[in-house]
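Shown next, in structure tokens, is the structure this report addresses.
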Amino acid sequence: MPELPEVEIIVRGLRKEVIGKTFSDVWTDTKKLVKQDSFEDFKRKLIGRKIVSIGRRGKNILIYLDNEEILLIHQKISGHLLLGKWKFENNVWVPPVGPLSDDRVNGYLHIVFSLDDGRQIALSDQRKFAKIEIIKDVNFDLGPEPLDIDFNSFKDLFKRKKGKIKQILMDQNFIAGIGNIYASEILYLSNVHPEESANKLDEKDLKKIYDNMQFILKESIRLKGDSFSDFRDLNGEKGGFQNIMKVYQKNGKECEKCGAKILRINLGGRGTFFCPNCQKKK
DNA sequence: GGCTTTGTTTTATA
DNA sequence: GTATAAAACAAAGC
């Protein structure tokens with residue numbers, strides 16, 4: 001599931017590869033992925049536009065165009081962007097030999113952007129939940145970036161907060177980019193129970209959460225993201241963060257720190273994983 | 001065929 | 001009026 005590190009991997013890859021390229025065509029088999037505009041309007045707006053820069057805000061990919069507009073892509077659960085040279089034959093996109101053809105999760109192409117250099121940016125998205133639109137400004141109602149904020153500002157965010165800490169970390173308006181997987185992993189390393197009330201956390205707890213938040217997100221970016229599920233990089237290749245996960249989907253397994261069994265609970269409708277021995281409520 | 005998966009949005013409640 | 005919790009929604013695998 002693309003959270004901040006996975007989106008960052010895609011953004012860095014695009015930045016290296018497609019700045020200066022121009023959109024020459026757009027294809028889809030799932031028009032509803034494009035919000036607001038009809039697909040026909042969307043296509044008309046995009047063709048001929050040159051990519052001038054690439055950015056990220058939370059989990060949103062921002063592709064800045066030469067007419068001051070911005071192509072926004074949110075990959076949601078199973079979406080991931082790929083870059084390569086497909087061939088369109090008999091109404092089907094035929095991938096090049098390699099990860100783009102070998103790995104099933106790279107085969108659910110629902111939007112394909114053709115570039116003027118002969119390559120395509122393709123969205124593979126098994127569940128078709130991704131969101132694509134053209135916007136004019138980036139005035140998101142999102143919290144600060146976890147990798148940009150300093151500890152004092154982070155601490156200030158918690159003033160008057162009293163919800164459950166895991167849900168707070170996942171709240172995009174509170175802080176942007178953390179989803180279900182990283183929230184569980186951050187709290188495990190911090191020895192904080194996911195249902196702990198924010199107003200019971202002292203400065204030491206918040207410092208641990210802050211440090212582990214930065215560590216985990218950076219470590220995952222270094223490992224090219226989490227490919228536990230559908231995420232792949234632009235080349236269709238897996239990242240490595242799933243290999244160092246400690247609790248996510250590990251219910252019943254032994255905690256690496258103490259040997260207790262990892263538990264799974266339902267918190268806010270989300271699977272939540274933690275060690276009942278290392279992460280005790282106050 | 002109901003349950004699960006996640007991120008976001010909408011609705012309800014305190 | 002606001003913060004938080006719960007429910008709804010998207011599609012598909014098992």
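Within every chain, numbering begins at 1; the chains are lettered A, B, ... in the order of the sequence lines, protein sequences first and strands thereafter. Below, each value reflects all heavy atoms present in this structure, side chains not excepted, and no hydrogens, waters or symmetry copies.
Side-chain N/O atoms of Y248(A) include one lying less than 4.0 angstrom from OP1 or OP2 on dT6(B). For dT8(B), the OP1/OP2 oxygens have a side-chain nitrogen or oxygen of H74(A) closer than 4.0 Å.
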Subject >> Per-nucleotide protein contact string for nucleotides 1-14 of chain C (B base, S sugar-phosphate only, - none; heavy atom under 4.0 Å) >> reply: ---SS--B-BBSS-

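Remark: K45(A) does not engage D41(A) in a salt bridge, criterion side-chain N to carboxylate O under 4.0 Å. With respect to E17(A) and R119(A), a salt bridge is recorded, a charged nitrogen being found less than 4.0 Å from a carboxylate O. Of the charged side-chain nitrogens involved, at least one lies within less than 4.0 Å of a carboxylate oxygen, so that E8(A) and R12(A) count as a salt-bridged pair. Classification of K282(A) and D205(A) as a salt-bridged pair holds, one side-chain N sitting under 4.0 Å from a carboxylate O. Ion pairing between D125(A) and K128(A) fails under the 4.0 Å rule for side-chain N and carboxylate O.
Here F231(A) lies out of heavy-atom contact (under 4.0 Å) with every strand.
Regarding Q172(A), its CD atom lies at a distance of 16 Å from the C1' atom of dT10(B), rounded to whole Å. Taking atom CG of N266(A) as the reference point, atom P of dT6(B) lies 10 Å away to the nearest angstrom. The nearest whole Å value for the distance from the CG atom in D226(A) to the C1' atom in dT6(B) is 12 Å. Between the CG atom of L169(A) and the P atom of dT6(B) there is a distance of 16 Å, given to the nearest Å. Rounded to an integer number of Å, the gap from N173(A) CG to dG7(B) P is 15 Å. Atom CD of Q75(A) is separated from atom P of dG7(B) by 12 Å (rounded to the nearest Å). Regarding N251(A), its CG atom lies at a distance of 13 Å from the C1' atom of dT4(B), rounded to whole Å. Atom P of nucleotide dT5(B) and atom CD of E3(A) are separated by 14 Å, given to the nearest angstrom.
Here the CD1-CG distance, from I121(A) to L234(A), works out to 8.0 Å after rounding to the nearest 0.5 Å.
With E145(A) contributing its side chain and G58(A) its backbone, the two residues share a donor-acceptor pair below 3.5 Å.
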